[in-house]
Amino acid sequence: MTKKVFLNLGKQPVTNSYLKNLDNLDKEYFYNLKVTYNDKNNLVSLKNFVKPTMMFNSKYAHRASSSKTMQSHFKELSKECKKKIKNINCLEIGSNDGVFIKNFSKKNTIAVEPCSNLANLTNDMGYITYPVFWNQKISNKILNKHGKRNLIFSANTMSHIEDLDEVFTSIKKLLDKDGVFIFEDPYILSVLQTNSYDQFYDEHAHLFSYLSITNLIKKFELRVFDVKILNVHGGSIRFYICHNDGKYKKKRSVSRILNIELKNKINKFQTYKNFANKIRRSKKKLLKILKDIKKSKKLIVGYGATYKSSTIYNYCNINSKLIDYIVDTTKNKQNKFTPGSHIKILSPIKGLHKEIKYIFLAAWNFKKEIINKEINFLKEGGCFITHVPYPRTITLKNVRKEIS
Ligand code: DWN
């Protein structure tokens with residue numbers, strides 16, 4: 001056995017394909033979302049990959065700056081990088097709306113972002129941004145034009161790239177002798193521990209562990225010298241990578257994380273099968289909560305038209321009969337419909353009013369930020385519904401323990 005399917009999340013649409021209207025639904029694209037575990041390199045990946053241009057294009061909706069949590073997260077990291085590396089010349093792969101690079105000088109920073117609407121944004125901000133997918137061609141171009149980089153950074157992008165060998169081949173060439181490649185993505189162990197199966201969708205071609213990344217980079221003579229577990233996006237992992245002969249000493253965090261992963265058996269197929277069973281139960285429980293509320297004809301509003309929630313809605317067959325509509329602060333998602341599930345997206349100003357008593361926390365990864373912002377909703381008798389780590393309701397009575 002090498003790659004084996006452990007989870008089948010059914011027919012799923014392209015998560016970024018928000019619909020302007022509900023005409024021509026027969027043209028909507030669907031693929032089978034199945035998740036595999038590879039026992040040769042411990043990597044968790046999708047079985048069927050969606051064509052990158054279908055996901056990442058000039059209509060890309062997600063704005064990384066849309067949460068305060070993420071803005072301060074990247075600001076903190078930029079401070080850490082400035083302490084660690086002298087005279088930074090930075091490259092960011094997948095720069096979105098510039099939430100990370102805006103903390104660095106325009107002179108020494110380069111970005112690569114395949115969604116041209118986002119690349120236009122950071123080019124307008126004064127950062128050279130190449131509007132292309134990351135591959136050896138663009139890497140060689142940067143090498144010839146701008147030289148080697150002593151900081152290569154990427155957040156929530158490595159997990160989006162199907163061909164990881166291509167990534168590490170190019171990083172090996174472009175990274176300065178004592179340079180650092182830092183990247184962070186959702187952590188498979190957090191997904192297993194919190195039953196957050198919605199981290200599986202078209203864009204997340206892979207979900208990483210320390211074990212899988214060390215297995216993947218070995219042959220490129222790269223090594224992980226530090227690793228951090230982060231709270232953001234429901235549990236992420238950040239890798240600090242250098243050349244095998246780079247100056248960085250291996251930190252204690254590395255053996256600590258390895259032990260945690262082995263203790264949690266992330267190298268055993270049975271772990272993934274157990275997870276899949278829990279997900280089937282989670283689906284039933286969530287549907288029961290929503291259907292019980294609907295019996296009393298109350299409105300249920302989704303909070304955040306997240307890409308993640310597309311997996312929940314389509315896997316659990318949730319449509320506008322269960323979730324009346326969704327609110328989201330992102331302007332270019334508003335007044336559109338979610339892919340596959342066809343639920344209308346409104347601005348919070350339009351959609352959040354006194355009559356609403358039930359909110360499904362689709363952006364559960366920002367639970368603390370959202371609950372703090374919407375505390376009056378709870379004070380007025382409102383109730384949040386979440387599925388992470390298990391389906392339940394959050395009221396004023398139990399909110400403290402939820403956000404502490
Ligand atoms: O990797 C990815 C992550 C980082 O971002 C991508 N593949 C796509 C995207 O995934 P997502 O949509 O699941 O990410 P978020 O960051 O969980 O999305 C949150 C959504 O909720 C945004 O559309 C903004 C919205 N939101 C809101 O309306 N009010 C968020 C907050 C905090 C709020 O207060």
Side-chain angles (χ1 to χ4, degrees), residues 12-18 46 49-50 52 54-57 59-74 93-97 99-100 113-115 118 154-162 183-187 190-191 196-208 230-238 301-314 325-336 338-339 343 345-352 359-375 377 384 386-388 403:
Q12 294 281 345
V14 172
T15 47
N16 187 54
S17 57
Y18 298 93
L46 301 191
F49 300 107
V50 172
M54 286 183 79
M55 302 182 282
F56 308 106
N57 47 46
K59 293 190 176 66
Y60 200 69
H62 176 70
R63 298 289 182 270
S65 297
S66 62
S67 104
K68 288 202 174 111
T69 312
M70 293 317 291
Q71 290 193 31
S72 54
H73 171 77
F74 289 120
I93 304 172
S95 47
N96 198 276
D97 59 1
V99 66
F100 178 71
E113 170 51 65
C115 305
L118 297 169
S154 190
N156 304 308
T157 300
M158 288 300 118
S159 59
H160 295 176
I161 304 177
E162 184 185 332
F183 74 92
E184 60 184 62
D185 283 278
Y187 186 26
S190 306
V191 172
S196 45
Y197 61 96
D198 48 346
Q199 290 288 16
F200 296 115
Y201 54 92
D202 53 350
E203 296 185 2
H204 286 172
H206 316 280
L207 286 190
F208 303 129
L230 312 164
N231 284 331
V232 295
H233 286 302
S236 298
I237 184 163
R238 179 188 289 158
V301 174
Y303 203 108
T306 60
Y307 292 48
K308 287 186 287 296
S309 55
S310 182
T311 294
I312 305 174
Y313 298 149
N314 288 285
Y325 57 85
I326 292 165
V327 292
D328 197 293
T329 50
T330 316
K331 291 235 158 41
N332 52 343
K333 290 182 185 173
Q334 292 166 5
N335 302 316
K336 292 185 181 156
T338 56
I343 306 170
I345 305 165
L346 300 177
S347 70
I349 296 173
K350 231 175 168 182
L352 292 181
I359 291 179
F360 174 60
L361 207 47
W364 56 269
N365 43 315
F366 295 116
K367 184 166 80 173
K368 210 169 178 176
E369 180 175 337
I370 293 170
I371 288 181
N372 282 330
K373 192 154 76 176
E374 306 296 349
I375 196 69
F377 163 74
F384 283 108
T386 184
H387 70 292
V388 175
I403 56 170

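Numbering of residues begins at 1 and proceeds along the displayed sequence. This one's a predicted model, so the numbers in the text were calculated from it and none came from an experiment. One-based numbering, in listed order, for ligands and for the atoms of each.
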Separation of Asn16 CG from Tyr201 OH (nearest 0.5 Å):
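Between atom OH of Tyr201 and atom CG of Asn16 there are 10.5 Å.
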[X] heavy atoms, cut-off 4.0 Å: which ligand 1 atoms fall inside?
X	result
Lys373	29 (N), 33 (C), 34 (O)
Thr330	22 (C), 23 (O), 24 (C)
Tyr60	6 (C), 7 (N), 8 (C)
Gly304	21 (O)
Tyr201	1 (O), 2 (C), 6 (C), 7 (N), 8 (C), 10 (O)
Phe366	15 (P), 16 (O), 17 (O), 19 (C), 32 (C)

Testing Ser159, Ser154, Ser236 one by one against Asp185 for a side-chain hydrogen bond (donor to acceptor under 3.5 Å, both in side chains), which residue passes?
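For Asp185, the side-chain hydrogen bond (donor to acceptor under 3.5 Å, both in side chains) test succeeds with only one of Ser159, Ser154, Ser236, which is Ser159.
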Name of the residue among His387, His204, Lys308 meeting side-chain hydrogen bond (donor to acceptor under 3.5 Å, both in side chains) with Asp198
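The single option meeting the side-chain hydrogen bond (donor to acceptor under 3.5 Å, both in side chains) with Asp198 is His387.
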Would you say ligand 1 has an N or O under 3.5 Å from any N or O of [X]?
X	answer
Ser67	no
Asp328	yes
Glu369	no

Among protein heavy atoms, which sits nearest to [atom], and what does the distance come to when rounded to 0.1 Å?
atom	result
atom 27 (C) of ligand 1	Thr329 OG1, 3.4 Å
atom 19 (C) of ligand 1	Thr306 CG2, 3.6 Å
atom 29 (N) of ligand 1	Tyr303 CE2, 3.6 Å
atom 11 (P) of ligand 1	Tyr307 N, 3.5 Å
atom 14 (O) of ligand 1	Lys308 NZ, 3.6 Å

Quick check: closest heavy atoms across Gly234 and Ser190, and the distance to 0.1 Å?
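For Gly234 and Ser190, the tightest heavy-atom pair comes out as O-CB, 3.7 Å.
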Which atoms form the tightest heavy-atom contact between Pro348 and Gln334, and what is the distance?
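Where Pro348 meets Gln334 most closely, the heavy atoms are CD-NE2, 4.2 Å.
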Counting heavy atoms only, which of His233, Arg63, Lys333, His62 comes nearest to atom 23 (O) of ligand 1?
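The nearest heavy atom belongs to Lys333.
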Would you indicate which of Glu203, His204, Met55 comes nearest to atom 6 (C) of ligand 1 when only heavy atoms are counted?
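Among Glu203, His204, Met55, the closest heavy atom to atom 6 (C) of ligand 1 belongs to Glu203.
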Gln71 side chain to Ser65 side chain, donor-acceptor N/O pair below 3.5 angstrom:
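There is no such pair (donor and acceptor under 3.5 Å, judged by atom type) between the side chains of Gln71 and Ser65.
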For Phe384 together with Phe360, are the ring centres under 6.0 Å from each other?
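No, too far apart.
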Validation row, ring centre His233 to ring centre Phe366 under 6.0 Å
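Centroid distance His233-Phe366: below 6.0 Å, so yes.
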Check if His160 has a non-hydrogen atom at a distance under 4.0 Å from any atom of ligand 1.
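Contact check His160 vs ligand 1: positive.
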Under 4.0 Å, counting heavy atoms only: does Met70 come that close to any atom of ligand 1?
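The answer is no, since Met70 has no heavy atom less than 4.0 Å from ligand 1.
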Taking C-beta and beyond as the side chain, do Ile326 and Val301 meet within less than 4.5 Å on heavy atoms?
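No, their side chains stay 4.5 Å or more apart.
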Return yes when atom CG of Asn231 has more than 12 non-hydrogen atoms of other residues, nucleotides or ligands closer than 6.0 Å, and no otherwise.
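Incorrect, the count does not exceed 12.
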Using the six-membered ring wherever Trp is involved, compare the ring planes of Tyr60 and His62 and label them parallel, tilted or perpendicular (cut-offs 30° and 60°).
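Tyr60 and His62: perpendicular rings.
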